[in-house]
Amino acid sequence: MTLIDGKATAAEIRAELKTRSSAFEEKYGRKIGLAVVLIGEDPASKVYVRNKIKGCEEAGIRSFAHYLPENTSQTQAEELVATLAEDENVHGILVQLPLPKHLEAERILAKIPAAKDVDGFCAENIGKLALRESGTVACTPLGVMELLKRYHIPTAGKNAVVVGRSNIVGRPMALLLLNADATVTICHSRTRDLKAECLRADILVAAIGKPKFITEDMVKDGAVVIDVGMDRDENGKLCGDVDFEKVSGKASYITPVPGGIGPMTIAMLLSNTCEAAERSMEKKNQ
């Protein structure tokens with residue numbers, strides 16, 4: 001079994017991005033900029049935002065952090081995002097989810113233009129992925145594909161099973177694997193025989209949000225197992241959707257939690273920001 005080290009790979013990517021961002025600054029006389037909007041006091045969101053800002057510093061990207069109180073109105077939130085959309089120093093905009101319950105996230109996110117949608121969540125970017133056109137791809141599934149690439153794990157002709165169908169991970173993950181010539185099956189709560197489907201997988205991606213849900217008897221010998229989950233076990237300890245200790249004995253490659261996909265998600269956010277900046281300047285100079 002080979003452990004797929006997302007933490008080390010993400011560090012390599014940040015170093016590469018620092019070189020890339022320096023070249024951008026030298027060429028265009030300005031830094032690449034990422035705006036992060038945090039509304040409210042959600043503890044997990046604060047940690048995520050802090051990690052993203054730290055990642056920006058390491059990659060040579062300028063961060064614009066906007067912390068808004070819990071009682072921020074819909075209009076105030078939309079106006080801020082609309083202002084950032086017009087700011088030439090901001091190449092990517094990230095609104096940290098979840099938002100306070102009184103806010104309509106879809107209306108706020110709709111204010112982010114596709115060119116600055118570094119999360120890859122907007123309909124235009126998802127549509128481009130489905131059509132195999134150039135666009136911004138959701139960070140977590142993109143991070144999975146980057147790990148497969150850097151660990152020289154082939155996808156063409158392989159049976160890939162994605163457990164989970166969320167718009168953030170499951171669906172774009174399936175599209176990316178399909179675009180990489182894998183034969184893809186998406187499993188979900190209505191799948192009749194989940195175990196049988198999982199046992200067919202050469203590449204198994206777990207993204208369902210249930211701690212240690214994927215057990216040893218659901219994984220075939222030699223499978224590549226990618227755990228996207230971020231859960232807590234019965235003792236409150238951080239774990240993934242896969243029963244790592246038992247499944248690792250059967251997998252050829254496996255990602256740990258923590259230290260697997262989590263760091264890669266932030267690395268891909270930074271990479272998407274660099275690409276957005278480069279595209280914007282190329283378009284401006286045409």
Side-chain angles (χ1 to χ4, degrees), residues 10 13-14 17-18 20-25 27-100 103-126 135-140 142-143 168 263-284:
I13 292 170
R14 289 194 301 273
L17 293 175
K18 188 168 186 178
R20 192 169 163 185
S21 63
S22 295
F24 180 94
E25 185 176 1
K27 183 175 183 178
Y28 298 112
R30 66 172 65 178
K31 279 183 170 289
I32 294 173
L34 172 65
V36 182
V37 178
L38 174 63
I39 304 175
E41 301 295 328
D42 183 77
S45 292
K46 286 184 175 181
V47 172
Y48 294 145
V49 167
R50 186 165 63 245
N51 288 339
K52 288 166 184 174
I53 291 173
K54 182 181 177 183
C56 283
E57 293 172 358
E58 293 178 359
I61 295 172
R62 184 182 179 188
S63 61
F64 301 88
H66 296 267
Y67 300 100
L68 304 183
E70 187 84 18
N71 61 356
T72 296
S73 70
Q74 185 76 29
T75 300
Q76 288 171 326
E78 289 183 25
E79 286 179 349
L80 171 60
V81 175
T83 299
L84 295 172
E86 297 297 324
D87 190 337
E88 291 189 352
N89 292 313
V90 174
H91 302 102
I93 303 170
L94 182 148
V95 176
Q96 184 64 45
L97 302 177
L99 296 175
L103 296 176
E104 296 181 46
E106 288 185 7
R107 283 174 51 195
I108 296 170
L109 296 176
K111 296 293 183 182
I112 303 174
K116 294 189 179 185
D117 169 38
V118 288
D119 265 330
F121 291 166
C122 78
E124 182 177 333
N125 280 321
I126 294 171
T136 304
V137 179
C139 303
T140 297
L142 187 61
I168 295 174
M264 290 298 295
T265 297
I266 296 177
M268 292 299 99
L269 170 71
L270 302 175
S271 177
N272 282 349
T273 303
C274 285
E275 288 194 16
E278 291 161 354
R279 283 197 300 262
S280 72
M281 296 307 294
E282 287 168 6
K283 185 177 181 180
K284 186 176 291 188

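None of these values were measured; they are calculated from a predicted model.
In this structure, Ile108 and Gln74 have side chains that are in contact, with non-hydrogen atoms separated by less than 4.5 Å. Residues Ile53 and Glu57 have side chains in contact (heavy-atom distance under 4.5 Å, counting atoms from C-beta outward). Counting only heavy atoms from C-beta outward, the side chains of Glu78 and Thr75 never approach each other to under 4.5 Å. Annotation: side chain of Leu142 is in contact with side chain of Asn272 (closest heavy-atom distance under 4.5 Å). Under the 4.5 Å side-chain criterion, counting only non-hydrogen atoms from C-beta, Glu275 is in contact with Arg20. In this structure the side chain of Leu109 never reaches within 4.5 angstrom of the side chain of Cys122, judged on heavy atoms. Counting heavy atoms from C-beta on, the side chains of Leu80 and Thr72 never come closer than 4.5 Å. In this structure, the side chains of Leu84 and Lys111 stay at 4.5 Å or more apart for every pair of heavy atoms.
Atom CG of Leu103 is separated from atom CD of Glu70 by 8.5 Å, given to the nearest 0.5 angstrom. The distance from atom CG of Leu270 to atom CG of Leu17, rounded to the nearest 0.5 Å, is 6.0 Å. The line from NZ of Lys283 to CZ of Arg279 is 10.5 Å long, rounded to the nearest 0.5 Å. In this structure, CZ in Phe64 is found 10.0 Å from SG in Cys56, a value given to the nearest 0.5 Å. Between the OG1 atom of Thr136 and the CG atom of Asp117 there is a distance of 6.0 Å, given to the nearest 0.5 Å. Between the CD atom in Glu282 and the OH atom in Tyr28 there is a gap of 5.5 Å [rounded to 0.5 Å].
Of the possible donor and acceptor atoms, one in the side chain of Arg30 sits under 3.5 Å from a partner among the backbone N and O of Glu88. Between the side chain of Lys116 and the backbone N or O of Ile93 there is no donor-acceptor pair closer than 3.5 Å. Remark: side-chain polar atoms of Thr273 are paired, donor with acceptor, to backbone N or O of Leu269 under 3.5 angstrom.
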Review point. Checking side chain to side chain contact (heavy atoms under 4.5 Å, CB included) for the pair Lys54/Glu58: CA distance, chi angles, key distance, verdict?
Key: CA-CA 6 Å; Lys54 182 181 177 183; Glu58 293 178 359; 3.4 Å; yes
Check your understanding: After noting the C-alpha distance and the side-chain angles of Leu94 and Lys52, does the key distance pass the side chain to side chain contact (heavy atoms under 4.5 Å, CB included) rule?
Key -> CA-CA 10 Å; Leu94 182 148; Lys52 288 166 184 174; 3.8 Å; yes
Check your understanding: Run the side chain to side chain contact (heavy atoms under 4.5 Å, CB included) check on Phe121 and Ile112 step by step: do they pass?
Key -> CA-CA 10 Å; Phe121 291 166; Ile112 303 174; over 6 Å; no
Practice item. Apply side chain to side chain contact (heavy atoms under 4.5 Å, CB included) to His91 and Ile61, showing your working. Key: CA-CA 10 Å; His91 302 102; Ile61 295 172; over 6 Å; no
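Residues Ser45 and Leu38 come closest through the heavy atom pair CB-CD1, 3.6 Å. A pairwise comparison of heavy atoms in Leu97 and Ala105 identifies CD2-CB, 4.3 Å as the closest pair. Of all heavy-atom pairs between Ile32 and Cys274, the closest is CD1-SG, 3.8 Å. Nearest approach of Ala276 to Ala115, heavy atoms of both residues: CB-O, 3.5 Å. The shortest heavy-atom contact between Pro263 and Ala10 is O-CB, 3.6 Å. Here the shortest heavy-atom pairing between Ala77 and Ile39 reads CB-CD1, 3.9 Å.
Screening residues 39-49 for salt bridge (Lys or Arg N to Asp or Glu O under 4.0 Å) gives Glu41-Lys46 as the qualifying pairs, with residues at least two apart or on separate chains.
Applying the ring pair (Phe, Tyr, Trp, His ring centres under 6.0 Å) test to Tyr48 and every residue at least two apart in sequence or in another chain returns nothing.
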